[in-house]
There are 2 protein chains.
Amino acid sequence: MAKTVEESEDDTGKQGAYTVQALDNAISLLMLVADNPDLGLSDLSRKLGAGKARVYRQLKTLEDRGLVSCSEPHRTYRLGYAALLLGAKASAQIDLVQSAKPFLDRLGKALQETVQLRVLDGQESVCVANWVPDRDLRVQTPVGSRTPLYAGSGKILLAYMPEAEQAHILSLPRKRFTDGTMVDEGALKAILSQIRHDGYGVSRGEMEAALISAAAPIFGQGSRIVGVLVVGAPATRMDNERLQHTLDLVCAAARELTAVIGGSPPSSVVRPGSF
Amino acid sequence: MAKTVEESEDDTGKQGAYTVQALDNAISLLMLVADNPDLGLSDLSRKLGAGKARVYRQLKTLEDRGLVSCSEPHRTYRLGYAALLLGAKASAQIDLVQSAKPFLDRLGKALQETVQLRVLDGQESVCVANWVPDRDLRVQTPVGSRTPLYAGSGKILLAYMPEAEQAHILSLPRKRFTDGTMVDEGALKAILSQIRHDGYGVSRGEMEAALISAAAPIFGQGSRIVGVLVVGAPATRMDNERLQHTLDLVCAAARELTAVIGGSPPSSVVRPGSF
DNA sequence: ACCATCGGTTCATTAGACGAACCAAATCCC
DNA sequence: GGGATTTGGTTCGTCTAATGAACCGATGGT
């Protein structure tokens, strides 16, 4: 029934020639614990399609190193402090995140709306850093949250992606979230080229009806897109004037951030006078 | 020379009976990358006392899973996005951290000083969550930063630790950071019992001369100490009156937090009328 | 009081992790 | 510039050690 993890070969699970299985399996376990906290040994081994002995030993090893911890009442596992510290160190080491923080801060404080930095991961967009305002009604997007590439701010990542990959993504089935979700390939392609032309993108309720977001691309060396800066707000707080203002700030921030990390925007978006 | 990692047997490196070495070694590598970003293959394998082949394969597996990433220019490794996301999930899963966040927030906003949640890890205190004010002069203590247990806020963790462990820690050598650092065992023990009596602790420049911190313990089930809430401020901003106010808030927050996570303070600190 | 399932343990087998040896390409270093 | 040392990366055979299957006592639902 439950297809075993080790034999998956198609989707993301292609393991390079240099994979250490013992380690790769253990990472699967770690990720499983991350995604499903508070499962017991049996549940974990079942979901992994692996023997209990293996899972048990891997768990204990991870536990010894503090990456997972075992809650005593009913022997249930979740991530431990070492995972927390690892994340803190990662956020300090990853250039893009580190460089983006002051920009997120500044944008957030200026607009008092949720600001995110999102990057491409597989066929999705992941939030890797954010700033959230301290108000009752706000857009909530925790670090780690994922969205597809064909809706909302993901479109910016899609728009600037290498042709081949983009075509592949476009060939995948799309799910409708709201009335505004772009499911038609033609319309989507048109928007993507619009985004490339404008150098920014706006989503009006594509993922969530009452939500508007404004996003601008960040580029690295060789004009490769490395992330998007996104401001998300309740539609009620985003009239046209305010949207324009938001776009100005986001685009400026994205341009600056691109410069900071030593990247360069593709030639097509270099407007007259900007050089 | 460089003693190999696998053979360490004393300090923290005792590997339980159920350790899978392949995984344990790989975790050592991951931690090494976390602590020394931007090292090359040879450096890493040397620091680990392991062959290049092994390290290379482990690195590639970690890279496939996004836990580390390889910067192209000179093939140098650092933590990857998966580590970042793991940390985000950990912080959502670890009850103490999750429950503490609103308290950190409230304390920070009320006092406009750095607030930290620290827990015990090995023989040190580690910061696992914090709130930092947006002012020019502030105490900077990133998540993951470590301090010994005999100085500053670590003393609270030490004070409420089980006798045996406490004795062990006290038997270790102590390093003097400032004039205020407690190196004398007698004085230190006196302070520890003072802390247990008061239910809070104050550090006046024990770690850093110009720095005052006020800290209160957080207890879990069975009155076991699970963390400390710490407010740190430049001494110049902390006169006696303000210190008293700070202590009131920190103690109240720690008490509330203890209640929220279902813990109970030890009987000795239950003041008359509080029950 | 039953049965199902739990976390944990043991052991023999053989998969697969690893060390040693070996490359080609950079980088030193006079 | 060119010999000497590095570097990152690769290959292969050996023997370690990771694993699956089977087992066990404890727990808990009914």
Side-chain angles (χ1 to χ4, degrees), chain A residues 1-9 13-30 32-33 36-65 67-78 80, chain B residues 1-7 9 15-30 32-33 36-65 67-78:
Chain A
M1 315 281 127
K3 72 169 179 189
T4 58
V5 171
E6 32 262 273
E7 288 177 353
S8 66
E9 37 182 35
K14 59 172 171 200
Q15 52 184 40
Y18 284 89
T19 305
V20 181
Q21 264 107 329
L23 176 52
D24 196 60
N25 291 336
I27 297 179
S28 296
L29 172 61
L30 184 61
L32 187 64
V33 172
N36 312 62
D38 295 315
L39 289 188
L41 172 59
S42 295
D43 281 325
L44 289 171
S45 54
R46 224 163 324 160
K47 287 213 176 200
L48 226 58
K52 283 192 296 182
R54 174 166 114 187
V55 174
Y56 184 66
R57 291 232 268 276
Q58 289 174 335
L59 276 174
K60 285 307 164 195
T61 319
L62 291 171
E63 191 179 5
D64 282 348
R65 297 310 215 92
L67 282 171
V68 309
S69 76
C70 181
S71 315
E72 260 317 309
H74 280 283
R75 302 273 137 102
T76 186
Y77 297 86
R78 45 170 73 183
Chain B
M1 304 295 120
K3 73 172 176 186
T4 58
V5 171
E6 32 262 272
E7 290 177 353
E9 36 180 37
Q15 53 185 40
Y18 284 88
T19 306
V20 347
Q21 266 106 330
L23 175 52
D24 197 60
N25 290 337
I27 297 179
S28 297
L29 172 60
L30 184 61
L32 187 64
V33 172
N36 312 63
D38 295 315
L39 290 187
L41 172 60
S42 295
D43 280 327
L44 289 171
S45 55
R46 224 164 323 162
K47 287 213 177 202
L48 225 58
K52 283 191 296 181
R54 173 167 116 188
V55 175
Y56 184 65
R57 291 226 270 272
Q58 290 174 336
L59 276 175
K60 285 307 164 196
T61 340
L62 290 171
E63 191 179 5
D64 281 347
R65 296 310 215 92
L67 281 171
V68 309
S69 76
C70 181
S71 315
E72 261 317 307
H74 282 283
R75 302 276 136 103
T76 187
Y77 297 85
R78 44 171 73 184

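Lettering of chains follows the sequences in order, A, B, ..., and the numbering in each one begins at 1.
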Peer 1: As a test of understanding, state which of Leu39(B), Leu59(B), Asn36(B), Leu62(B) forms a side-chain contact (heavy atoms from CB on, under 4.5 Å) with Tyr77(B).
Peer 2: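 Single pass found, and it is Leu59(B).
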
Peer 1: Given side chains that start at C-beta, do those of Val33(B) and Leu29(B) come closer than 4.5 Å, heavy atoms only?
Peer 2: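 In contact.
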
Peer 1: Return the minimal non-hydrogen interatomic distance between Pro37(A) and Arg78(A), and the atom names on each side.
Peer 2: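 Answer, listing the atom of Pro37(A) first, then Arg78(A): CB-CB, 4.1 Å.
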
Peer 1: Let me check the geometry of the helix from dC3(C)-dG28(D) to dC30(C)-dG1(D). What is the bend angle between the axes at its two ends, five pairs each, to 10°?
Peer 2: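 Both end axes considered, the difference amounts to 50°.
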
Peer 1: For dA17(C), does either OP1 or OP2 sit under 4.0 Å from a side-chain N or O belonging to Gln21(A)?
Peer 2: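 Result: yes.
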
Peer 1: Within a strict 4.5 Å, meaning less than it, do heavy atoms of the Arg75(B) and Leu41(B) side chains meet?
Peer 2: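 Contact flag for Arg75(B)/Leu41(B) side chains = no.
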
Peer 1: Would you compute the distance between atom CG of Asp43(B) and atom OG1 of Thr76(B) and round it to the nearest 0.5 angstrom?
Peer 2: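 Those atoms lie 8.5 Å apart.
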
Peer 1: To the nearest Å, how far apart are Arg54(A) CZ and dG7(C) C1'?
Peer 2: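 Rounding to the nearest Å, CZ of Arg54(A) and C1' of dG7(C) are 18 Å apart.
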
Peer 1: List the residues meeting salt bridge (Lys or Arg N to Asp or Glu O under 4.0 Å) with Lys60(B), not counting sequence neighbours, and say none if there are none.
Peer 2: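 By the salt bridge (Lys or Arg N to Asp or Glu O under 4.0 Å) rule, Lys60(B) matches Glu63(B).
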
Peer 1: At under 4.0 Å between heavy atoms, which parts of nucleotides 4-14 of chain D does protein reach? Answer with one letter per nucleotide, 5' to 3': B base, S sugar-phosphate only, - none.
Peer 2: ---SBBBB---

Peer 1: Gln58(B) and Val20(A): which non-hydrogen atoms are nearest, and at how many Å?
Peer 2: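 Residues Gln58(B) and Val20(A), closest heavy atoms: N-CG2, 4.0 Å.
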
Peer 1: Once you round it to whole Å, what is the distance between P of dC18(C) and CG of Asp24(B)?
Peer 2: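 Asp24(B) atom CG is separated from dC18(C) atom P by 11 Å.
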
Peer 1: Would you say the side chain of Arg54(B) lies within less than 4.5 Å of the side chain of Ser45(B), judging by non-hydrogen atoms?
Peer 2: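 No. Closest side-chain heavy atoms not under 4.5 Å.
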
